[in-house]
2 protein chains.
Amino acid sequence: MASVTIMDVARKAGVSKKTVSRVINNEANVRPQTKEKVQTAIEELGFKRNPLGMALAKNRSLFIALLADNPSPGYLMNLQKGILQACTEEHMGLFLYDCQYRSPSLVEEIQTFVENTLADGLILVPPLSDKIELLDMLDSKGVSYVRIGPKDTKRGDFVGSNTAKAAFDMTEYLIKLKHRHIGFILGHPDQASSKRTEKGFRDAHAKAGIPVDESLIAQGYYTHQSGVDAAMTLLNKTPRPTVIFASNDEMAVGALCEAQSRGIKVPEELSIAGIDDISITTKVWPNITTMRQPLNSIGYTAASILIRRLQKKPIGPSEEAFVNQLYDCELVIRQSTKTFVG
Amino acid sequence: MASVTIMDVARKAGVSKKTVSRVINNEANVRPQTKEKVQTAIEELGFKRNPLGMALAKNRSLFIALLADNPSPGYLMNLQKGILQACTEEHMGLFLYDCQYRSPSLVEEIQTFVENTLADGLILVPPLSDKIELLDMLDSKGVSYVRIGPKDTKRGDFVGSNTAKAAFDMTEYLIKLKHRHIGFILGHPDQASSKRTEKGFRDAHAKAGIPVDESLIAQGYYTHQSGVDAAMTLLNKTPRPTVIFASNDEMAVGALCEAQSRGIKVPEELSIAGIDDISITTKVWPNITTMRQPLNSIGYTAASILIRRLQKKPIGPSEEAFVNQLYDCELVIRQSTKTFVG
DNA sequence: AACCTGTTTGACACCGGTGTCAAACAGGTT
DNA sequence: AACCTGTTTGACACCGGTGTCAAACAGGTT
């Protein structure tokens, strides 16, 4: 691993280390012909800057970390892809850290992690992105972060999707399919998105002048099992809902599972819809109708913002202190929903 | 971020930097009372070694990387959890790198990645773990790696599961359920595991004295869609298979999808079985009977071996140059398989 | 007391970069 | 020619650790 150092380049180009450093970092005030000499030397020697040396000198590593404890592997995977893509483009390394949201020492564990790796910045995925104690700690330590998922407070940069609108659009679509008894599975009560999803659901009813059937609202927690449980509750009601709309796909698939295990035919006897468009929606039969959340773009944007923040580059056209970007979701109609025929 | 350096500790303890370094690294030949003085100072100041400084001085980062391009998110997620657990325990950072197996510049891309991050070692997941050109490059660069998935050649450390035995056990179980026309979906032809899975399938037939129905063997590629396609082929045969056994769960779920879309009842009219026990197997209805591959343990073991290798610590009781560890899979009977009643 | 041997310790250089600051340079103006 | 001003460059120290090597020390032996 006899690697080429900045000194080797300096000698070859007949300049000082510092000048090579200037060229590498694209600093101003280097005479064009000097720059060229150095660049030639770099090319010829195949020099690559050692990121550790730089990290130490600049007190800034070139790594960011993805902190996750999300119950849906599909959700996380899609996000991860987008994040990774942005990192690769910007020559940033991506660390992974799995945490237990319920751990009482969560905040300390994350602090230790950051100290151990010296990650420059963090990407927080729900439910972590709504954990106030964590944000407090990061702020006090001066660690940058971008939050993914619903913006709860006004803290820091944030990227997510407009879940209120997504729920609204889906509900409107279901109403258009003549469903009047819509079973709804709520998201996790601790996550801000849940409230917004519920609001979209109610607003669509209000707009259509149709009352919400309150008996058909069941609590969920964004996990598969909670979808199964909620569907169990809903399918025992009379009259039974003609469609179950879950606040995320993971739960929608749970509901499908429960329906099929009871021999209820989907979509003939029961329609099912979700939100997210994770990969499992097209791996079950019937494929699930959902609102496509552009997770890839969300992850990509989140990582890009974080990286720009760290590079102290301007972030978009905005003059605001923080960036709050919301993506719209798109209705994806598949086989799990059907017009209700009374 | 005014962090405590080794110099601060040295001053407080009244010794030299080097002595503090000795204590941190648990080196021999430090007088017990000196050691204690230093340890007290470390505690009082809350000193933590800066990993970047160490990395630079030792020419050894404290990071390993997971290289992946696996079509099954469930498979990868489980593995990732185990790997991450081992990393956390050993205070190692885990980098993530997504690659395109089909990319013609795959090897160069990975080389650049390693140079950029200075990862100490790599964990290779199939199909990457069977890519000879990649292994050659890593060997020539002196980068350590542990391969996950089927051992193909005798190169380097390796952890995996005994897929031949897994396929054998599953086939034996299906035969016991009186199935005589077993549809089989092969794995990816480029991956060594595929051959072994097929061997297990055939050996179980041989042992039971039952001929393999060669017309019921279909090519798959470990992806969901290839499972759908293979099932399509198999279900068009006459006589139709009474069970479809796929070389992985991802394809088994694809087969289930195809069966259900044709209105074929599972398991009443068709049994379905897979290998891996990824999370989706319990998220579809009926839950899929499978061979549980201990992915978590495999990931954990792979990372542990790699880390020990890097620390130049002894690896297990073996005297061999390389470790080859195979885990057995366990039959998990769920609702997708049923006794054949002719 | 002089000598020997193994243990403990610290001075110093180094890993591969960057920041600061002053000197050298270039080109125009008086 | 002397002076001025902004640009270009390099010497040096530093980021936070570790490796090498020799000096200092401790304790036993002649």
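Lettering follows sequence order; numbering is per chain, from 1.
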Looking only at the side chain of A:Lys18 (C-beta and beyond, no hydrogens), which of the listed nucleotides C:dG19, C:dG10, C:dG17 gets closest? C:dG19

Around atom NZ of B:Lys81, are there more than 12 heavy atoms from other residues, nucleotides or ligands closer than 6.0 Å? no

Could you tell me if B:Gln325 and B:Thr301 have a donor-acceptor pair between their side chains, going purely by distance under 3.5 Å? no

Nucleotide D:dT9, atom C1' - distance to CZ of A:Arg31 in whole Å: 8 Å

Please state whether the phosphate of D:dT9, meaning OP1 or OP2, lies under 4.0 angstrom from any side-chain nitrogen or oxygen of A:Ser16. no

What's the closest nucleotide to the side chain of A:Thr34 if the choices are D:dG10, D:dT9, D:dG16? D:dT9

Can you check the A:Met54 CE to D:dG16 C1' distance for me, whole Å? 15 Å

Considering only heavy side-chain atoms of A:Asn50, the closest of C:dG17, C:dG10, D:dT18 is C:dG17

Does D:dG10 have OP1 or OP2 under 4.0 Å away from a side-chain N or O of A:Thr19? yes

Distance, rounded to the nearest Å, where B:Ile6 contributes CD1 and D:dG17 contributes C1': 6 Å

Strictly below 4.0 Å, N to O, side chains only: are B:Asp130 and B:Arg147 in salt-bridge contact? yes

Provide the Watson-Crick or G-U wobble partner of C:dA23, both distances under 3.5 Å; none if there is no partner. D:dT8

Tell me the partner of C:dT18, counting only Watson-Crick (N1-N3 plus N6-O4 or O6-N4) or G-U wobble (N1-O2 and O6-N3) with both under 3.5 Å; none if nothing fits. D:dA13

Atom CG in B:Asp98, atom CD1 in A:Ile83: separation rounded to 0.5 Å? 11.5 Å

Rounded interatomic separation in angstrom, taking NZ from A:Lys48 and P from C:dC15: 21 Å

Nucleotide nearest A:Arg49 (side chain, heavy atoms from C-beta), chosen from C:dG17, D:dT18, D:dT9: C:dG17

So what's C:dT30 paired with, Watson-Crick or G-U wobble, going by both distances under 3.5 Å? D:dA1

Enclosure of B:Glu36 CD (heavy-atom neighbours >12, cutoff 6.0 Å): no

Under 4.0 Å between a side-chain N/O of B:Ser21 and OP1 or OP2 of D:dG19, yes or no? no

Expressed in angstrom and rounded to an integer, what is the separation of A:Phe47 atom CZ from C:dG16 atom C1'? 8 Å

Side-chain donor or acceptor of A:Arg22 under 3.5 Å from a matching atom on the base of C:dG19? no

Without decimals, in angstroms, what is the distance between B:Asn59 CG and C:dG17 C1'? 14 Å

C:dT8, OP1 or OP2 - any side-chain N/O from B:Asn29 closer than 4.0 Å? yes

Look up atom CZ in A:Arg11 and atom OG in A:Ser16, then write down how far apart they are to the nearest 0.5 Å. 12.5 Å

Can you tell me if B:Thr5 touches the phosphate of D:dC15, counting only side-chain N or O atoms and a distance under 4.0 Å to OP1 or OP2? no

Side-chain donor or acceptor of B:Lys17 under 3.5 Å from a matching atom on the base of C:dG10? no

Find which nucleotide of DNA chain C each of B:Lys58 and B:Gly14 is nearest to by heavy atoms, and output the residue with the more 5' nucleotide. B:Gly14

What does A:Lys35 touch in the nucleic acid at a heavy-atom separation under 4.0 angstrom: a base, only the sugar-phosphate, or nothing? nothing

From C-beta outward on A:Ala57, which listed nucleotide comes closest to its side chain: D:dT9, D:dC15, C:dG19? D:dC15

How many whole angstroms separate atom CG of B:Leu52 from atom C1' of D:dT18? 15 Å

B:Glu27 has an atom CD; how far is it from atom P of C:dG10, in whole Å? 14 Å

Closest nucleotide among D:dT18, D:dT8, C:dT18 to the A:Asn25 side chain: C:dT18

